[in-house]
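In what follows, every heavy atom counts, from backbone to side chain, and hydrogens, waters and symmetry copies are set aside. Just so you know, residue 1 is the first one in the sequence shown, and it goes up from there. What you see is a predicted model, and the numbers here were worked out from it, not measured in a lab.
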Amino acid sequence: MKIYKAYIVWFTMVLLLPAFHVKAASNPYTIVEVTGPQGKQLDYAPLLHIARKQGLPASAVYGWGNHLIVYGKHLNSASIQKSARAAYPSCQVTVYSNPFYDFNRRLRCGGKGTAKRWDNIILTANLVADEHLQQEYVDYHATQFKNWPEVSKGFCNACFQQLLVFRNGRRLMLVISIPKGKKLEDLNPKTIENNPRVNDWNRLMKKYQEGVPGTRKGEVWVFFKQVTDNSDTKRSL
């Protein structure tokens with residue numbers, strides 16, 4: 001357990017601090033989130049049913065604590081939002097679209113090492129409440145690719161396919177796409193390998209983020225977990 005906690009602290013400081021750059025209006029990916037009362041575990045079955053009706057696989061639905069999300073490309077977010085509100089009447093339903101940060105391997109890595117199939121890792125955190133610090137965070141990221149090219153170089157080295165950051169209010173959603181079958185804990189150390197300026201960036205950025213309600217003291221970024229569709233398991237037996 002101590003090793004696991006140490007890894008999460010290291011992971012938070014090393015990687016998960018890029019955010020806003022240029023609004024990517026043409027980016028087709030969207031997240032729809034259902035947030036229930038604090039401390040209440042939500043039943044994912046209704047949201048999984050909604051996703052299925054949209055033609056999405058079970059792998060598009062994730063959960064963490066009292067949060068459920070659907071993530072995908074070209075989603076009918078208005079329809080999903082309407083259905084989710086009906087299925088979860090006591091919950092808040094939020095849409096995240098048009099990511100503020102869009103690392104694209106084809107554009108940033110010369111197209112090398114692109115994978116046909118991806119696994120998506122989704123995390124969430126908050127910006128701090130101080131509006132002045134929020135603006136500093138945005139200002140730094142407005143020129144990240146130009147002034148801190150080592151950050152995207154690290155993502156290229158780690159074979160990240162895409163990295164998106166969405167914002168709604170203070171809330172951030174981070175999506176890291178990696179080659180299918182690979183493990184993030186194996187790829188992530190490559191972001192700082194022979195690349196010390198990424199550590200400088202992370203030390204600079206860590207003061208701008210904090211954990212969402214429900215996180216432990218000192219915990220910032222938390223991982224959503226893909227749900228398991230038992231019906232798929234039964235059909236495969």
Side-chain angles (χ1 to χ4, degrees), residues 4-5 7-9 11-12 15-20 27 29-54 56-73 75-101 118-129 134 162-178 184 208-230 232:
Y4 176 77
K5 289 182 177 178
Y7 169 73
I8 290 297
V9 170
F11 183 76
T12 301
L15 168 64
L16 300 174
L17 295 167
F20 309 113
N27 190 286
Y29 290 91
T30 304
I31 294 173
V32 180
E33 179 187 34
V34 179
T35 305
Q38 189 64 43
K40 180 180 179 181
Q41 196 83 19
L42 296 178
D43 179 9
Y44 66 78
L47 191 60
L48 184 59
H49 178 68
I50 293 168
R52 288 292 197 195
K53 290 181 68 176
Q54 294 280 332
L56 299 169
S59 59
V61 180
Y62 298 70
W64 173 78
N66 61 321
H67 301 264
L68 293 171
I69 62 173
V70 176
Y71 171 71
K73 193 175 183 180
L75 297 185
N76 187 338
S77 56
S79 175
I80 295 174
Q81 186 178 38
K82 181 179 179 181
S83 298
R85 284 174 173 165
Y88 300 92
S90 62
C91 298
Q92 178 181 345
V93 182
T94 308
V95 175
Y96 301 80
S97 58
N98 297 328
F100 282 86
Y101 182 91
W118 301 350
D119 283 327
N120 300 307
I121 295 90
I122 304 181
L123 304 95
T124 190
N126 269 346
L127 285 172
V128 295
Q134 291 178 21
Q162 182 172 258
L163 194 147
L164 305 175
V165 182
F166 300 83
R167 180 191 185 190
N168 192 306
R170 290 204 296 131
R171 189 76 178 283
L172 302 176
M173 287 283 188
L174 169 64
V175 183
I176 306 170
S177 299
I178 61 176
L184 186 61
Y208 300 111
Q209 297 165 335
E210 63 185 22
V212 301
T215 54
R216 299 184 299 270
K217 184 177 180 181
E219 189 176 28
V220 180
W221 290 96
V222 291
F223 290 79
F224 282 90
K225 184 178 180 180
Q226 284 181 320
V227 305
T228 301
D229 184 3
N230 292 328
D232 279 350

**Asked** Counting N and O atoms only, with roles assigned by atom type, does the side chain of E210 sit under 3.5 Å from a partner on the main chain of V128, one being a donor and the other an acceptor?
**Response** no

**Item:** Residues R167 and Q134: side-chain donor-acceptor under 3.5 angstrom
**Value:** yes

**Item:** Under 3.5 Å side-chain donor-acceptor pair for Y96 and E33
**Value:** yes

**Prompt:** Under the side-chain contact (heavy atoms from CB on, under 4.5 Å) criterion, do I80 and K82 qualify, and how do the steps go?
**Reply:** CA-CA 5 Å; I80 295 174; K82 181 179 179 181; over 6 Å; no

**Asked** Which pair of heavy atoms, one from V95 and one from S77, lies closest together, and at what distance?
**Response** CG1-CB, 4.1 Å

**Request:** Considering non-hydrogen atoms only, spot the tightest contact between L47 and Y88 and give its length.
**Result:** N-OH, 3.1 Å

**Euclidean distance, L163 CG relative to I178 CD1, rounded to 0.5 Å** = 11.5 Å

**Item:** Shortest non-hydrogen contact from C91 toward L42
**Value:** SG-CD2, 3.9 Å

**Message:** I need the minimum non-hydrogen distance between A51 and V61, along with the two atoms involved.
**Reply:** CB-CG2, 3.8 Å

**Request:** Report yes if the side chains of F223 and I121 come closer than 4.5 Å at any heavy-atom pair, otherwise no.
**Result:** yes

**Asked** Is a side-chain N or O of S79 found less than 3.5 angstrom from the main chain of N76, in a donor-acceptor match?
**Response** no

**Prompt:** Just wondering, do V70 and L75 contact through their side chains at under 4.5 Å, heavy atoms?
**Reply:** yes

**Asked** Heavy atoms, side chains only, cut-off 4.5 Å: are Q38 and N66 in contact?
**Response** yes

**Request:** Identify the two heavy atoms, one from G211 and one from N126, that lie closest to each other, and give their separation to 0.1 Å.
**Result:** O-ND2, 4.0 Å

**Asked** Do D119 and Q226 have side chains that get closer than 4.5 Å, going by heavy atoms?
**Response** no

**Fill in**
One should read off an interatomic distance between L164 CG and S97 OG, to the nearest 0.5 angstrom, of 12.0 Å

**Request:** Check whether any side-chain heavy atom of I176 sits under 4.5 Å from a side-chain heavy atom of L184, and report yes or no.
**Result:** yes

**Asked** Considering only heavy atoms from C-beta outward, does the side chain of N120 approach that of Y62 to under 4.5 Å?
**Response** yes

**Asked** Are side-chain heavy atoms of I50 and R52 found at a separation under 4.5 Å?
**Response** no

**Prompt:** Considering all heavy atoms of both residues, which atom of T124 and which atom of L172 are nearest to each other, and what is their separation?
**Reply:** OG1-O, 2.8 Å

**Item:** side-chain contact (heavy atoms from CB on, under 4.5 Å) evaluation trace for Q162 with N27
**Value:** CA-CA 11 Å; Q162 182 172 258; N27 190 286; 4.2 Å; yes

**Gap separating the CD atom of Q209 from the CG atom of L174, nearest 0.5 angstrom** = 9.0 Å

**Prompt:** Where does the angle between the aromatic ring planes of Y29 and W118 fall among parallel (under 30°), tilted (30 to 60°) and perpendicular (over 60°)?
**Reply:** parallel

**Message:** Quick check for you: to the nearest 0.5 Å, what is the distance between I31 atom CD1 and M173 atom CE?
**Reply:** 5.5 Å

**Asked** Does the ring center of F100 lie less than 6.0 Å from the ring center of F166?
**Response** no

**Message:** Side chains of F224 and L123, heavy atoms from C-beta outward: is any pair under 4.5 Å?
**Reply:** no

**Item:** Steps toward side-chain contact (heavy atoms from CB on, under 4.5 Å) verdict (V32, V93)
**Value:** CA-CA 7 Å; V32 180; V93 182; 3.8 Å; yes

